[in-house]
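Here is the naming used below: chain letters follow the sequence lines, and residue numbers restart at 1 for every chain.
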Amino acid sequence: MDWMNAVIQGVLLGGLYALFAAGLSLVFGIMRVVNLAHGDFIILAAFLSVVVVGVTGLGPFLSLVIVVPLMGGLGYAVQRGLLARTLDRGVLPPLLVTFGLSVIIQNLLLQIFSADDRRLDAGGISTASIGIAGQLAIGWFPVVVFVVGMLAIAGLQILFTRTSLGRAFRATADDQETVRLMGIDNRHTYGLAVAIAFGIVALAGVCLGIRTTFSPDIGPGRLLVAFETVVIGGLGSLWGTLMGGVILGIAHTIGAKLDPAYRELTGHLVFLLVLLARPQGLFAKPVRET
Amino acid sequence: MSLLSVHELTAFYGDFQALFGVTLDVEPGEVVAIIGANGAGKSTFLRSVVGLCASAAKAALFDGRPIGGRPTHEIVTLGIALVPEGRRIFPSLTVEENLLIGGHRGRPGPWSLARVYDLFPMLYERRAMSGPALSGGQQQMLAIGRALMANPRLLLLDEVSLGLAPIVVDDVYTRLPTIVGEGTTTLFVEQDVGRALSVCHRVYCFQEGRIALAGSPRDLTRAQIAAAYFGV
């Protein structure tokens with residue numbers, strides 16, 4: 001029963017990991033840029049929620065109404081003002097700039113909020129649980145996060161395949177010169193893509209902050225989780241990202257069940273196994289010959 | 001007033017100068033051809049008109065408005081569409097999505113998905129396929145259909161016959177009158193001189209970044225064209 005419990009917790013944790021990964025995957029998919037500050041933006045969003053909760057008295061869930069648009073706007077500004085200047089100059093400049101952002105964000109957060117552990121208090125829901133059978137109980141909040149993760153992935157999927165903005169995203173990823181001939185401003189398209197990615201980052205940050213304690217220095221760890229999730233699931237596959245999150249989540253909870261110290265290690269081992277056996281990821285679309 | 005009026009246009013790739021003061025006009029409703037050898041600057045000229053190559057502000061007027069130096073997406077929105085060399089179909093999009101993205105700006109006009117499918121029925125049959133699954137000729141028709149979806153007032157075609165079987169090229173060119181019949185002014189680059197002369201009202205011959213000859217096909221002799229083409 002304990003093992004069953006670990007698997008179920010792992011699946012639900014996968015929803016949070018998918019939220020971590022979706023924004024990273026979106027930005028990489030459209031611009032071929034790995035945002036090394038991705039994890040730190042997740043933590044930044046959690047702290048933003050702390051501030052919004054403190055100032056307005058809203059709960060953490062309701063704070064999303066303010067935090068999501070704020071992070072979206074920040075994403076657009078970061079892209080247009082900073083990242084856009086590094087594109088078309090090889091792979092290194094965007095990596096260096098986002099690495100620098102990571103350092104800056106961590107230190108700014110440290111300066112403003114100190115190194116203390118924080119937590120977003122969502123009231124009863126963070127501890128409430130549903131009894132299934134015997135000792136098996138599922139927390140309400142992990143279920144909510146899983147559903148949010150699934151909805152975010154489904155929303156992105158619909159955006160990409162059914163809307164003219166999604167069409168513009170895919171066309172821009174294909175060929176950023178020809179897309180301008182369609183009357184599309186590729187710089188604006190990139191900005192919107194990053195804005196949407198940061199909106200999901202905001203969701204991820206608030207869910208993380210309700211689930212567990214956080215401090216300014218834990219961003220890079222979240223980046224690693226996001227990165228492993230994307231690679232396990234396969235680049236370019238949104239549902240793969242959710243499955244990658246679930247697999248990594250199960251690996252973490254099973255590992256922690258064996259020994260709390262094995263939690264991260266098991267995740268890394270699963271990641272390495274997938275990388276060895278299927279470097280393109282488990283659910284990647286077949287690579288097209290062009 | 002000319003629909004497109006280009007005056008003393010120059011273009012550079014880094015230090016290399018590709019165009020040396022090209023002056024060219026296209027009247028509304030005209031079909032104008034640009035011919036010339038490889039490297040004469042024909043494609044560069046079309047790319048400059050749509051802003052993919054930098055040009056001076058006053059170098060190009062579209063419908064009397066200066067378009068030189070403006071961003072490509074703005075120029076395109078004014079009503080110029082380019083069918084680029086090499087077709088440049090979006091591989092991640094289906095045939096139908098490739099057409100729909102051509103109409104992204106929603107300019108009003110005679111062309112719609114249904115009208116483009118009428119013009120190229122083979123695209124309708126293959127509308128759910130991905131772009132790269134099409135043959136070269138079908139991709140070329142898709143590229144033309146995509147440009148028409150923008151309802152352009154001026155259609156620029158760059159080397160539509162390049163790499164295609166002659167029978168396929170015939171198929172593409174037989175549709176040109178329908179396109180022009182909708183009031184779309186056309187300026188096209190073509191290496192096949194005979195074919196260019198047979199469909200155009202006027203022709204410009206480029207040579208090493210300059211215009212070596214211009215006129216109506218009726219008024220030009222084979223010898224004149226050969227001289228302008230090869231620079232002998």
Query raised in the report: Among T184(B), T185(B), D63(B), whose side-chain hydrogen bond (donor to acceptor under 3.5 Å, both in side chains) with R153(B) holds?
Result: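 Between R153(B) and the candidates, side-chain hydrogen bond (donor to acceptor under 3.5 Å, both in side chains) is satisfied uniquely by D63(B).
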Query raised in the report: Are D171(B) and R175(B) close enough for a salt bridge, meaning some N to O gap below 4.0 Å?
Result: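 Counted as a salt bridge, because a side-chain N and a carboxylate O are separated by less than 4.0 Å.
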Query - Salt-bridge present (E27(B), R202(B); N to O < 4.0 Å) - result: no
Report task. Against chain A, label R47(B) side chain, backbone, both or neither, depending on which of its atoms sit under 4.5 Å from a heavy atom there. Result ->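 Answer is side chain: those atoms of R47(B) sit under 4.5 Å from chain A.
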Query - Side chain, backbone, both or neither of R107(B) within contact of chain A (heavy atoms, under 4.5 Å) - result: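 Contact with chain A: none, neither part.
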Query - Minimum-distance pair of heavy atoms, taken over all atoms of E190(B) and I35(B) - result: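 Distance-wise, the nearest heavy atoms are O-CG2, 3.5 Å.
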Query raised in the report: Of all of E74(B), R146(B), M149(B), which one pairs up most often with chain A through heavy atoms under 4.5 Å apart?
Result: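 That would be R146(B).
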